[in-house]
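Every value quoted in this text rests on a predicted model; they were computed, and no experiment measured them.
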Amino acid sequence: DKSSEPKKDLGKDDFMHLLVSQMTNQNPLEPMDNTEFIAQMAQFSSLEQMQNIAAGMELLALTQTAATNSSMVNLIGKRVLIPGTDVSFDGENPVDLTFTLEGEIPTMGQIEISDAEGKVVRTIPFDGFVKGKNSIEFDGKDNSGTVLEKGNYSYKLVTSDDSEIEGLNTYSNYFVDAVAYEGTNILLKSGNSVINLSDIHEVINNGI
């Protein structure tokens with residue numbers, strides 16, 4: 001029984017109980033010195049203030065956690081960019097493929113979009129490379145013009161001769177459809193993909 005276990009820490013109520021007991025049981029011929037009594041009362045006041053501060057900090061932490069959890073729900077229905085090569089297609093709306101270039105700018109290249117099994121379903125020629133941030137719209141169609149099924153796809157960029165592009169940083173574009181709470185960790189979800197908040201590079205407010 002936990003209620004019968006001895007307490008390891010003394011609270012302000014315990015301190016006051018001890019102080020009252022000390023005063024009640026003091027020797028009338030040798031009463032407690034005023035200086036000692038004032039010092040003990042000061043200790044009690046300090047202890048009470050520290051406990052009140054601790055309680056206030058705990059309440060503040062809970063309030064901040066609740067506010068953070070609430071704000072994360074607002075990300076549902078929006079798109080987020082994180083480092084990677086995945087893109088979630090909602091089955092209807094076009095989605096941007098975003099990447100940055102820091103190395104030599106190729107004159108011509110192509111973007112290859114693959115399904116979950118790794119099969120290339122769309123190849124998009126691209127000759128608009130610029131230094132820094134680049135973006136190209138993916139309309140959600142395969143090479144025959146048929147709209148692809150809703151789901152997550154992946155993409156890669158190569159030059160026209162199928163060689164690797166140097167200094168390339170790609171970003172996954174996820175549609176957030178859920179928020180999960182695991183203890184103090186907050187995770188965003190896009191289908192079966194899990195997104196860490198610390199990885200988010202950009203939030204796209206229009207959700208498309």
Side-chain angles (χ1 to χ4, degrees), residues 60-103 105-106 109-143 146-159 164-208:
L60 178 61
L62 290 174
T63 302
Q64 289 179 330
T65 299
T68 300
N69 290 350
S70 177
S71 65
M72 290 302 101
V73 173
N74 293 330
L75 289 177
I76 295 177
K78 294 183 173 61
R79 285 188 172 273
V80 294
L81 301 184
I82 70 170
T85 57
D86 294 332
V87 55
S88 57
F89 175 55
D90 63 8
E92 180 179 357
N93 296 295
V95 54
D96 287 338
L97 307 179
T98 303
F99 55 94
T100 60
L101 273 174
E102 304 302 333
I105 306 300
Q110 60 186 26
I111 300 174
E112 297 177 352
I113 301 171
S114 302
D115 60 17
E117 283 73 42
K119 176 185 176 182
V120 176
V121 294
R122 178 71 180 277
T123 301
I124 305 174
F126 188 64
D127 60 359
F129 293 103
V130 297
K131 197 86 167 180
K133 184 177 180 179
N134 293 255
S135 184
I136 182 172
E137 184 179 87
F138 167 48
D139 57 11
K141 298 178 181 179
D142 63 15
N143 285 327
T146 302
V147 177
L148 294 165
E149 293 183 0
K150 176 181 178 180
N152 284 350
Y153 294 81
S154 63
Y155 71 98
K156 73 174 183 177
L157 290 93
V158 294
T159 61
E164 183 180 354
I165 298 176
E166 299 293 336
L168 175 68
N169 297 302
T170 58
Y171 293 92
S172 294
N173 188 327
Y174 285 116
F175 182 83
V176 180
D177 53 32
V179 178
Y181 303 99
E182 297 182 358
T184 58
N185 294 326
I186 303 175
L187 302 173
L188 305 180
K189 291 190 174 182
S190 177
N192 295 324
S193 300
V194 177
I195 306 161
N196 291 314
L197 291 178
S198 59
D199 292 333
I200 294 178
H201 175 76
E202 182 179 343
V203 177
I204 303 174
N205 290 321
N206 60 12
I208 296 176

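Between Leu101 atom CG and Leu168 atom CG the span is 5.5 Å, to the nearest 0.5 Å. Once rounded to the nearest 0.5 Å, the distance linking OG1 of Thr100 with CG of Asn169 reads 4.0 Å. Put simply, CD on Glu202 and CD1 on Ile82 are 13.0 Å apart, with the number rounded to the nearest 0.5 Å. The line from CG of Leu197 to CG of Leu75 is 7.5 Å long, rounded to the nearest 0.5 Å. Taken to the nearest 0.5 Å, the CD1 atom of Ile113 stands 9.0 Å off from the OG atom of Ser154. The distance from atom CG of Asn134 to atom OG1 of Thr98, rounded to the nearest 0.5 Å, is 9.0 Å.
Under the 4.5 Å side-chain criterion, counting only non-hydrogen atoms from C-beta, Ile204 is not in contact with Asp96. At least one side-chain heavy atom of Glu112 sits under 4.5 Å from a side-chain heavy atom of Val158. Side-chain atoms of Phe129 and Leu157, non-hydrogen and from C-beta on, do get closer than 4.5 Å to each other. Counting heavy atoms from C-beta on, the side chains of Val130 and Ile105 never come closer than 4.5 Å.
Between Lys78 and Val203, the closest heavy-atom pair is CD-CG1, 4.0 Å. Taking each heavy atom of Lys189 and Ala180 in turn, the nearest pair found is CE-CB, 3.9 Å. Between Gly191 and Asp177 the shortest heavy-atom distance is N-OD2, 2.9 Å.
Side-chain N or O atoms of Asn143 include one that pairs as donor or acceptor with a backbone N or O of Thr123 at under 3.5 Å. Checking side-chain atoms of Asp115 against main-chain N and O of Glu117 turns up a donor-acceptor pair under 3.5 Å. A donor-acceptor pair is defined here as one N or O able to donate and one able to accept, closer than 3.5 Å; no such pair exists between the side chain of Asn196 and the backbone of Ser198. Between the side chain of Asn93 and the backbone N or O of Gly91 there is no donor-acceptor pair closer than 3.5 Å. With hydrogens and angles disregarded, a donor-acceptor distance shorter than 3.5 Å links the side chain of Thr170 to the backbone of Gly84. No donor-acceptor distance shorter than 3.5 angstrom exists from the side chain of Arg122 to the backbone of Gly140, with no hydrogens or angles considered.
When the ring pair (Phe, Tyr, Trp, His ring centres under 6.0 Å) test is applied to Tyr155, no partner is found at least two apart in sequence or on another chain.
The aromatic rings of Tyr153 and Phe138 stand perpendicular to each other, their planes meeting at an angle above 60°, with 30° marking the opposite boundary.
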- Task: Evaluate side-chain contact (heavy atoms from CB on, under 4.5 Å) for Asn173 paired with Leu97, printing each intermediate quantity in order.
- Result: CA-CA 7 Å; Asn173 188 327; Leu97 307 179; 5.8 Å; no
Does Ser193 form a side chain to side chain donor-acceptor pair (under 3.5 Å) with Asp86? I'd like the steps, not just the answer.
CA-CA 10 Å; Ser193 300; Asp86 294 332; 5.1 Å; no
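Annotation: Lys131, atom NZ; neighbour count of heavy atoms from other residues, nucleotides and ligands within 6.0 Å is above 12. Heavy-atom neighbours of Glu149 CD from other residues, nucleotides or ligands within 6.0 Å: at or below the threshold of 12.
Arg79 and Ser190 are not linked by any side-chain donor-acceptor pair at a separation below 3.5 angstrom, with hydrogens and angles left out of the test.
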